[in-house]
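Below is one structure; the comments refer to it alone.
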Amino acid sequence: MLADWSDTPEGADVLGEARDLLGSKVETLVDPHRPEPFAINLDIQLGVFLANEIHRRRLSRRGVVATASLGMSLGEYNHLVDIGAISFADALRLVAARGRIYDAGPDGMMVSLFPTSRAVVDALVEEARPFGDLAISNENAPSQFVIAGDRDAVQHAAALFAEREYADPVTIEHRIPMHAPRFRPAAEALRPHLEAAPWRGPTRAYWPNVTAAPVERATPAEIVSLLTEHVHRPVLWRQSIEAVLERHPGAIFVEVGPRRVLCNLLGRKWVRNPRFAAAEDDLDRVVEAVSVEAAE
């Protein structure tokens, strides 16, 4: 996607600013022909962060500006840019530091489980604990969860899931156990970078993954604390979406990033009459959908 959008005004702006900070690293991210694209977590984090920002600017230039925003996992940094809590350049520096720290962090893995329930996943996690440390790292929807931790424990829980639930677990990270207690050392390594960042007063509410509740007028200390916990505590995405809808009934969710991962989650209809669009879709249709809602 970075290669596809590099010649657009938004892509040229974002990648140009990124080159000023990252130098030739950006060229490796944009090159669609390199032999092992996104082989390390640093490259994944930088690539996704930049792609999200390109889409955000595309929407903004068409007049689509969010009343509220939030971001899943890495997307929380794009969310913080969107609400004015930090500049794009300073957030990019943090994402680069985050990626390096994650690559050097404790070993483990992450596996997605679907379809299932919280009760089933809780039981699997408890049964696999003798094999190592593991936990639910993401509650993305009532029927979709991610577990993370020691490789042996995660693999044991995944095998039990396949055997008992007649569904295929999907490995989404082969080495890094994000959002789980095992990854706490990475949180402590990231904290000094977060504390040194030039945070600003956000213009809208901050929706951290770890609480699924808005923080009005978040202070730098609150942001640093929540982003540190974000490294080793679960992403409460289901609860976040439900809380946004409680505050903004009838909201249209626009996924600002590559592909339709979050739209697919809403498409499972665990919220009543979900309305959503993806920036990767035809942008005219996204603008029209949001404009009709504003007119109503």
Side-chain angles (χ1 to χ4, degrees), residues 21 40-46 48-49 52-53 68-110 133-140 145-150 154 172-173 175-240 243-244:
L21 294 172
I40 60 174
N41 193 259
L42 169 62
D43 288 359
I44 295 171
Q45 294 202 38
L46 290 173
V48 173
F49 179 77
N52 291 349
E53 178 64 11
S69 70
L70 66 164
M72 176 190 275
S73 192
L74 171 66
E76 190 159 311
Y77 286 79
N78 292 98
H79 161 55
L80 287 161
V81 173
D82 182 59
I83 64 173
I86 193 169
S87 70
F88 165 73
D90 289 320
L92 181 58
R93 291 187 182 94
L94 281 178
V95 169
R98 185 178 187 261
R100 290 191 295 269
I101 289 167
Y102 277 34
D103 279 320
D107 183 72
M109 68 184 300
M110 303 176 73
D133 183 39
L134 80 163
I136 294 174
S137 61
N138 295 63
E139 186 168 348
N140 293 333
F145 297 80
V146 178
I147 56 173
D150 287 324
V154 173
I172 61 173
E173 173 54 58
R175 203 208 64 77
I176 301 175
M178 293 175 274
H179 307 299
R182 178 162 174 75
F183 217 51
R184 191 179 195 112
E188 296 309 316
L190 183 60
R191 181 188 290 273
H193 297 273
L194 296 170
E195 291 174 337
W199 299 102
R200 306 184 296 210
T203 58
R204 282 171 283 142
Y206 168 36
W207 289 78
N209 287 175
V210 297
T211 63
V215 180
E216 304 289 352
R217 296 178 293 278
T219 66
E222 287 175 314
I223 295 172
V224 168
S225 176
L226 289 163
L227 284 178
T228 301
E229 293 184 19
H230 168 105
V231 176
H232 65 93
R233 285 181 52 187
V235 171
L236 303 179
W237 190 251
R238 174 186 69 80
Q239 295 89 332
S240 297
V244 168

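Residues: numbered from 1 along the sequence shown.
Checking side-chain atoms of Glu188 against main-chain N and O of Pro185 turns up no donor-acceptor pair under 3.5 Å. Distance alone, capped at 3.5 Å, places no donor-acceptor pair between the Asn41 side chain and the Tyr102 backbone. With hydrogens and angles ignored, the 3.5 Å screen pairs no side-chain donor or acceptor of His232 with any backbone N or O of Ala187. A donor-acceptor contact shorter than 3.5 Å links the side chain of Trp199 to the backbone of Leu194. Under the 3.5 Å distance criterion, the side-chain polar atoms of Ser137 are matched with a main-chain donor or acceptor of Val146. Although no hydrogens or angles enter the test, the distance criterion places no donor-acceptor pair under 3.5 Å between the side chain of Asn209 and the main chain of Trp237. Of the possible polar contacts, one joining the Arg233 side chain to the Val210 backbone as a donor-acceptor pair under 3.5 Å is found. The main-chain N or O of Asp82 is found under 3.5 Å from a side-chain atom of Arg204 such that the two form a donor-acceptor pair. Of the possible polar contacts, one joining the Asp150 side chain to the Asp133 backbone as a donor-acceptor pair under 3.5 Å is found. No donor-acceptor distance shorter than 3.5 angstrom exists from the side chain of Thr228 to the backbone of Arg191, with no hydrogens or angles considered.
To the nearest 0.5 Å, atom CD1 of residue Ile86 and atom NE2 of residue His79 are 12.5 Å apart. Expressed to the nearest 0.5 Å, how far CE of Met109 lies from CD1 of Ile147 amounts to 8.5 Å. Once rounded to the nearest 0.5 Å, the distance linking CD1 of Ile176 with CD1 of Ile40 reads 9.5 Å. Remark: Asn78 CG to Ser69 OG distance equals 9.5 Å, nearest 0.5 Å. To the nearest 0.5 Å, the span separating OG on Ser87 from CG on Leu80 amounts to 11.5 Å. In this structure, Ile223 CD1 and Glu76 CD are separated by 9.5 Å, a value rounded to the nearest 0.5 Å.
Residues Trp207 and Ala243 share a closest heavy-atom pair of CZ3-CB, 3.6 Å. What you find for Ala97 and His193 is that their closest heavy atoms are CB-ND1, 3.7 Å. Contact detail for Ala218 and Pro202: the closest heavy-atom pair is O-CD, 3.4 Å. Across every non-hydrogen atom of Ala91 and Val81, the tightest pair is CB-CG2, 3.5 Å. Residues Pro181 and Ala135 approach most closely at CD-CB, 3.7 Å, considering heavy atoms. Closest of all the heavy-atom pairs between Ala197 and Leu94 is CB-CD1, 3.9 Å.
The closest side-chain heavy-atom distance from Met178 to Met110 is below 4.5 Å. For the pair Leu92 and Leu46, the minimum side-chain heavy-atom distance is below 4.5 Å. Side-chain contact between Met72 and Asn140 is present, with at least one heavy-atom pair separated by less than 4.5 Å. Between Val231 and Arg184 the shortest side-chain heavy-atom distance does not fall below 4.5 Å.
Note on Arg93 versus Asp90: salt bridge recorded, some NZ/NE/NH1/NH2 to OD/OE distance being below 4.0 Å. Salt bridge annotation for Asp107-Arg182: absent, with no cationic side-chain nitrogen under 4.0 angstrom from a carboxylate oxygen.
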Task: Stepwise side-chain contact (heavy atoms from CB on, under 4.5 Å) check, Leu70 with Val244 - done: CA-CA 9 Å; Leu70 66 164; Val244 168; 4.0 Å; yes

Task: Steps toward side-chain contact (heavy atoms from CB on, under 4.5 Å) verdict (Gln45, Tyr77) - done: CA-CA 10 Å; Gln45 294 202 38; Tyr77 286 79; over 6 Å; no

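Note: His179 and His230 meet the aromatic proximity criterion, with ring centroids under 6.0 Å apart. Close placement of the Phe49 and Phe88 rings is indicated, their centers lying within 6.0 Å of each other.
For the 3.5 Å distance criterion, the side chains of Glu216 and Tyr206 fail to qualify, holding no donor opposite an acceptor.
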